[in-house]
K.L.:
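Got a structure here, written out as structure tokens. Questions coming.
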Amino acid sequence: MNINLHNATFTISAVNTNNFPNDELPHIVFAGRSNVGKSSLLNALLNRKQLAFSGSTPGKTRQINFFNIDNKIYFVDLPGYSYATMPKNEMAKISATIEKYFKTVKNIALVVMLVDIRHKPTKDDIIMFNYLINSGLNFIVVPTKADKVPITKVNDYCEIIKDTLNVPDEIDIIPVSAEKKRNLELIWQAISETLEVAEN
Ligand SMILES: Nc1nc2c(ncn2[C@@H]2O[C@H](COP(=O)(O)OP(=O)(O)OP(=O)(O)O)[C@@H](O)[C@H]2O)c(=O)[nH]1
Ligand SMILES: [Mg+2]
């Protein structure tokens, strides 16, 4: 599938299922705690600065943002499911929104689950990971901000993440840096592979 990355547009922010796009395009979903770098990775993959709003204030985005990429796929920027000081009631609301999304949308091609490379995955990451494993959805684990650790240590940090989440060998773990544009081609490769499978 040839995708023209220049033809990427914001579609809608939504919390209610009746506002989710309801066409057949496959969804590529970015999930992770607040501030982990979901919006930054999405922008980096498209070579855009701020198509998805990214910033230093965690938890600003409480809705699900949908981006139409060349009328071929949607990039779906989920709200961050937690951060250190997120109030419980807000966390519950966001979890409910995310759960509604996963329950309603049938054309999810790939979930990109982001975790910060520098930190051991949290309880919430483990819950998300187990949810994805049990859902049978196709997903990859993507440690973000790889530029923040010495390059010689990247693999060690990935191992910690793998052990903490208990990631089976067949699930890819791809460390990235949105800032330094590292390994973005591997994420595109994972996306292309899932789309090819879906097409056949
Ligand atoms: N050094 C470095 N910083 C990054 C990278 N990716 C994101 N950041 C920074 O991390 C902060 C959060 O990034 P966002 O992309 O807004 O994170 P998010 O997951 O979308 O956060 P929410 O929308 O709150 O859920 C910003 O200050 C980014 O500049 C990266 O690869 N390297
Ligand atoms: Mg964001």
K.L.:
Does a donor on one side chain and an acceptor on the other come within less than 3.5 Å for Asp125 and Tyr81?
P.N.:
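Yes, a side-chain donor-acceptor pair sits under 3.5 Å.
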K.L.:
For Asp169, check salt bridge (charged side-chain N to carboxylate O under 4.0 Å, His left out) against everything at least two apart and list the hits.
P.N.:
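So Asp169 forms a salt bridge (charged side-chain N to carboxylate O under 4.0 Å, His left out) with Lys162.
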K.L.:
Taking atom NZ of Lys153 as the centre, does the number of heavy atoms from other residues, nucleotides or ligands within less than 6.0 Å exceed 12?
P.N.:
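Open: at most 12 neighbouring heavy atoms sit under 6.0 Å from NZ of Lys153.
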K.L.:
Only one of Leu132, Ile127, Ile126 clears side chain to side chain contact (heavy atoms under 4.5 Å, CB included) with Asn130; which?
P.N.:
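The side chain to side chain contact (heavy atoms under 4.5 Å, CB included) with Asn130 is passed solely by Ile126 among Leu132, Ile127, Ile126.
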K.L.:
Examine the side chains of Asp163 and Asn166 and answer whether a donor and an acceptor come within less than 3.5 Å of each other.
P.N.:
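Note: Asp163 and Asn166 side chains miss the donor-acceptor criterion.
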K.L.:
Apply ring pair (Phe, Tyr, Trp, His ring centres under 6.0 Å) to Phe75 and list each qualifying residue two or more places apart in sequence or on a separate chain.
P.N.:
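Once residues adjacent in sequence are excluded, the partners of Phe75 under the ring pair (Phe, Tyr, Trp, His ring centres under 6.0 Å) criterion are Phe30, Trp188.
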K.L.:
Got a sec, which residues hit salt bridge (charged side-chain N to carboxylate O under 4.0 Å, His left out) with Lys120, two or more places apart in sequence or on another chain?
P.N.:
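Scan of Lys120 (salt bridge (charged side-chain N to carboxylate O under 4.0 Å, His left out), adjacent residues dropped) gives none.
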K.L.:
Hey, which of Ile3, Leu184, Leu5 is the one that makes side chain to side chain contact (heavy atoms under 4.5 Å, CB included) with Leu46?
P.N.:
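When side chain to side chain contact (heavy atoms under 4.5 Å, CB included) is applied between Leu46 and each of Ile3, Leu184, Leu5, only Leu5 qualifies.
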K.L.:
Using a strict threshold of under 4.0 Å (side-chain N to carboxylate O), is an ion pair present between Glu90 and Arg62?
P.N.:
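Here Arg62 pairs with Glu90 in a salt bridge, since their nearest N and O are under 4.0 Å apart.
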K.L.:
Asp116: what forms a salt bridge (charged side-chain N to carboxylate O under 4.0 Å, His left out) with it, not counting sequence neighbours?
P.N.:
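So Asp116 forms a salt bridge (charged side-chain N to carboxylate O under 4.0 Å, His left out) with Arg118.
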K.L.:
Backbone N or O of Leu25 within a donor-acceptor pair of the Asp23 side chain at under 3.5 Å?
P.N.:
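Yes, Asp23 side chain to Leu25 backbone: donor-acceptor pair under 3.5 Å.
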K.L.:
Does a side chain donor of either Ser40 or Asn43 reach within less than 3.5 Å of an acceptor in the other side chain?
P.N.:
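No, Asn43 and Ser40 have no side-chain donor paired with an acceptor closer than 3.5 Å.
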K.L.:
Applying ring-ring contact (aromatic ring centres under 6.0 Å, His included), which residue pairs with at least one partner in residues 142-181 are found, sequence neighbours left out?
P.N.:
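Every candidate ring-ring contact (aromatic ring centres under 6.0 Å, His included) pair involving residues 142-181 fails, so no pair, neighbours aside, qualifies.
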K.L.:
Identify, with sequence neighbours excluded, every residue that meets salt bridge (charged side-chain N to carboxylate O under 4.0 Å, His left out) alongside Glu99.
P.N.:
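Only Lys103 meet the salt bridge (charged side-chain N to carboxylate O under 4.0 Å, His left out) criterion with Glu99.
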K.L.:
For a 4.5 angstrom cut-off between non-hydrogen side-chain atoms, does Ser135 reach Phe102?
P.N.:
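No; the side chains remain at least 4.5 Å from each other.
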K.L.:
Answer yes if the side chains of Ser39 and Asp77 hold a donor-acceptor pair under 3.5 Å, and no otherwise.
P.N.:
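Ser39 vs Asp77: donor-acceptor pair found between side chains.
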